[in-house]
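Below is one structure, written out as structure tokens; the observations come after it.
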Amino acid sequence: MIRTRQLEELSRTDPLTGLLNRRYLDETLTRVLRSAQRRHEKVTLVYLDIDDFKQINDSQGHQQGDEVLRRLGEVINRITRVEDGSFRYGGDEFCIVLPNCDRKQAEGVFLIRLSEELATALPGVTLSVGCSETGPDDFMPPEELLGKADQCMYEMKQRHRMDLAAGPSKLADKTDEKASEEQPVVGR
């Protein structure tokens, strides 16, 4: 019985980061959304992607890339609540399921904590982030919630690349602007 539980736990866990794996995300997200519907609560999904991860692997080696993934997994584990679900979605992408949390709370609390911890644990590493919220009245299916968060992350990553291509003066101008719908690049 104990051995079966250990094997089950291993099958759900990403060995490098210690986070749950992609296969378990679908099952967890379905369960969390059903529970939120019964409780009439919001759920937010945070989708993270490490900026320029290929460049880290290419210039510093795959061992350093693995170390970045491992340390980011530690940071995510450290700042999430017990009821949150933290997943390595694949490669350099991560998903965090935040039950009973709206998008504003995710951006105003979770992402700020993530940014602060990331600056200490992995200075210079940045993340592109997308957040998607559902509930409490109408709920998206899990794949739609995930797709929206992924799309938000991708759009933010594209804006970030355009800002960098515009040069330092344009980037400084953008930093001074307040865009209520824009999501932050986490870490520096």
For R31, is there any backbone N or O sitting under 3.5 Å from a side-chain donor or acceptor partner on S35? no

Ion pair present between E117 and R113, side-chain N to carboxylate O less than 4.0 angstrom? no

Is any side-chain heavy atom of D14 closer than 4.5 Å to one of L69? no

Any S132 side-chain heavy atom under 4.5 Å of M140 side chain: yes

Spell out, as yes or no, whether a donor-acceptor pair under 3.5 Å connects the side chain of Q105 to the backbone of D102. yes

If you look at every heavy atom in R71 and A121, which pair is closest and at what distance? NH2-O, 2.6 Å

So do P99 and R81 actually touch side chain to side chain, heavy atoms under 4.5 Å? yes

Polar side-chain atom of S128 near backbone of M156 as donor-acceptor pair, under 3.5 Å: no

Any side-chain heavy-atom pair of L127 and L114 under 4.5 Å: yes

Same cluster for L98 and V109 if Ile/Leu/Val/Met/Phe/Trp/Tyr side chains link at under 4.5 Å? no

For a 4.5 angstrom cut-off between non-hydrogen side-chain atoms, does L146 reach L25? yes

Do the side-chain N and O atoms of Q63 and E67 include a donor-acceptor pair separated by under 3.5 angstrom? no

Are side-chain heavy atoms of Y154 and Y47 found at a separation under 4.5 Å? no

Of D92, D150, D52, D49, which is the lone residue that meets salt bridge (charged side-chain N to carboxylate O under 4.0 Å, His left out) with K157? D49

How would you list, by chain and number, every residue that makes a salt bridge (Lys or Arg N to Asp or Glu O under 4.0 Å) with E93, sequence neighbours excluded? none

Applying a strict under-4.5 Å side-chain criterion to I, L, V, M, F, W and Y, I'd like to know whether L16 and F94 cluster together. yes

Report yes if some heavy atom in the side chain of C131 is under 4.5 Å from a heavy atom in the side chain of L111; otherwise report no. yes

Less than 4.5 Å apart, side chain to side chain, heavy atoms only: is that true for L33 and L145? yes

Heavy-atom pair of closest approach, residues P142 and T30: CG-OG1, 3.5 Å

Can you see which heavy atom on F139 is nearest to which on Q37, and at what distance? CD1-CG, 3.1 Å

Are the side chain of S86 and the backbone of L19 linked by a donor-acceptor contact shorter than 3.5 Å? no

